[in-house]
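Note that the numbering runs from 1 along the sequence shown for the chain. Counting convention: from 1, in listed order, for ligands and their atoms alike.
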Amino acid sequence: MAKVIDWLKQNRKLMFSLEITPPDRGKNMDDILSGIDPLMRFDPQFINVTYHQPHMVYDEKDGIITRRPRRKKPGTVGICSAIKNRFRVEPVPHLICGSFSRYETEDTLIDLHFLGIKNILALRGDPPPGQARFIPEKDGNQFACQLVEQIAQLNRGHYLDELEDPFPTSFCIGVAGYPEKHFESPNLDKDLLYLKSKVDAGAEYVITQMFYDFRLFKEFVEKARAIGIQAPIIPGLKPLVSRKQIQSIPSAFHVNIPCELVNIIEEARTREQAFAGGVRYMARLVEKLLEYGVPGIHVFTMGQGRAPQALLEAVFAAKG
Ligand code: FAD
């Protein structure tokens, strides 16, 4: 089943997707793909591939400063194509507003359409490293809801220029949601209204930012439903299995780590004990989510196969 929404609607089997990140420039794609090889036996239906905005490099020569965009992690579209060929699994490229004019966005959508890509996760994108806030391109989309609207328009055959007999695309569009609110948002209620604007513009499902407290996810879903967001909401999960992650995850992703999980990691005598304790905690979280009736789970791998593999082993062993 090529589209995420069709899979979710068939409602027979839990959807399970993985998210991977392209390698740094100059590195081999096979390193990333062989990293997810061990996860393929869990039979993911979709593999998301992140997209990264370039950062700016400034050169000075003869008193003149020139600005050059440099992309550290190119290759999203190429990896999507490789995933289709190598694993016969549907890829879901992430498409961001940052660094694209609306015209360049349209060109990328045409490329993806020609490659037979059926799904897109539409995002605003993070500011590039070293830049405090997000700055859209001149003539670019500023918020994800505008990108969703542009993709939905293309699905109706409305290109930016008036064209004779234009061919409509047929993308299934997903968007991001934040159980603990997006870090720039004044509060969760306001953030949810912006999430609703993405769904109203044409997004068919939501994947959430990682979270570690089941209660927060449940409250988020209930609040979303209360304001009329009916789209399926898929929890995003990143295993937390080391001391280092107790600091790095909250600072990178603006999420809270409950005391119970912090204590498990801090009280572990060895790295292996911390790893096993973190995996057990995450597996219990997944169990609660499944009992609650989530339509799927989405696992962020971020280049690390071992923790996702251990989590999936625990989850699938428990499910039988
Ligand atoms: P938006 O929905 O546009 O929201 C951004 C901010 O603007 C929020 O604070 C929101 O409340 C506010 N807002 C929204 N609409 C309006 C409006 N109309 N008026 C005023 N304020 C508004 N980043 C990447 O760079 N590449 C990736 O591949 C990537 N993948 C991700 C995958 C998932 C599952 C998730 C959860 C996040 C991902 N991110 C990725 C991170 C994401 O791009 C950042 O969190 C980004 O800062 C916000 O993106 P968004 O699509 O949620 O933006």
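- From the protein, the heavy atom lying nearest to atom 42 (C) of ligand 1 is Tyr178 OH, 3.6 Å.
- Residue Asp191 approaches ligand 1 through these ligand atoms, each under 4.0 Å from one of its heavy atoms: 8 (C), 10 (C), 11 (O).
- Which parts of ligand 1 touch Glu184 is read off a 4.0 Å heavy-atom cut-off, strictly below it: atoms 9 (O).
- At least one side-chain heavy atom of Lys238 sits less than 4.5 Å from a side-chain heavy atom of Met302.
- Closest to atom 30 (N) of ligand 1 among all protein heavy atoms lies His94 ND1, 3.1 Å.
- In terms of polar-atom proximity, defined here as any N/O pair under 3.5 Å, Gln142 makes no such contact with ligand 1.
- Side-chain contact between Gln53 and Phe134 is present, with heavy atoms from C-beta onward closer than 4.5 Å.
- The backbone and the side chain of Phe143 each have at least one atom closer than 4.0 Å to an atom of ligand 1 (non-hydrogen atoms only).
- Inter-residue side-chain proximity for Phe275 and Thr270 is flagged as unmet; no heavy-atom pair is nearer than 4.5 Å.
- Considering backbone and side-chain N/O atoms, Thr50 never comes within less than 3.5 Å of an N/O atom of ligand 1.
- Leu123 CD1, 4.0 Å is the protein heavy atom nearest to atom 40 (C) of ligand 1.
- Looking at Leu289 and Phe214, their side chains come closer than 4.5 Å, going by heavy atoms from C-beta outward.
- Near Ile207, meaning under 4.0 Å from one of its heavy atoms, ligand 1 places the atoms 34 (C).
- Polar contact check, His52 against ligand 1: no nitrogen or oxygen pair lies under 3.5 Å apart.
- Salt-bridge formation is not detected for the pair Lys196/Asp191: no Lys NZ or Arg NE/NH1/NH2 atom is positioned less than 4.0 Å from an Asp or Glu carboxylate oxygen.
- With Tyr58 as the aromatic partner, Arg68 does not meet the cation-pi criteria of under 6.0 angstrom to the ring centre and within 45 degrees of the ring axis.
- Close contacts of ligand 1 with Gly125, meaning ligand atoms under 4.0 Å from a residue heavy atom, involve 23 (N), 24 (C), 25 (O), 43 (O), 46 (C), 47 (O), 49 (O).
- Proximity to Ser185 (heavy-atom distance under 4.0 Å) selects the following atoms of ligand 1: 9 (O), 11 (O).
- Heavy-atom separations between Phe134 and ligand 1 are all 4.0 Å or longer.
- With a 4.5 Å cut-off on side-chain heavy atoms, Arg133 and Pro127 do not count as touching.
- Counting heavy atoms closer than 4.0 Å to ligand 1, residue Lys198 contributes side-chain atoms (C-beta onward) but none from N, CA, C or O.
- Using 4.0 Å as the threshold, Gln53 has no heavy atom nearer than that to any atom of ligand 1.
- Between Asp213 and Lys288, no side-chain nitrogen of the basic residue sits less than 4.0 Å from a carboxylate oxygen of the acidic one, so the salt-bridge criterion is not met.
- Each of Tyr178, Phe217, Phe300, Phe220 was scored for a ring-ring contact (aromatic ring centres under 6.0 Å, His included) with Phe211, with one residue passing: Phe217.
- Some N or O of Asp126 is nearer than 3.5 Å to an N or O of ligand 1, by distance alone.
- A salt bridge links Arg41 with Glu313: at least one charged nitrogen is closer than 4.0 Å to a carboxylate oxygen.
- With a 4.0 Å cut-off on non-hydrogen atoms, His182 touches ligand 1 through its side chain and not its backbone.
- Among the atoms of His298, none of the N or O lies under 3.5 angstrom from an N or O of ligand 1.
- With contacts defined as side-chain heavy-atom distances shorter than 4.5 Å, the pair Arg70/His55 qualifies.
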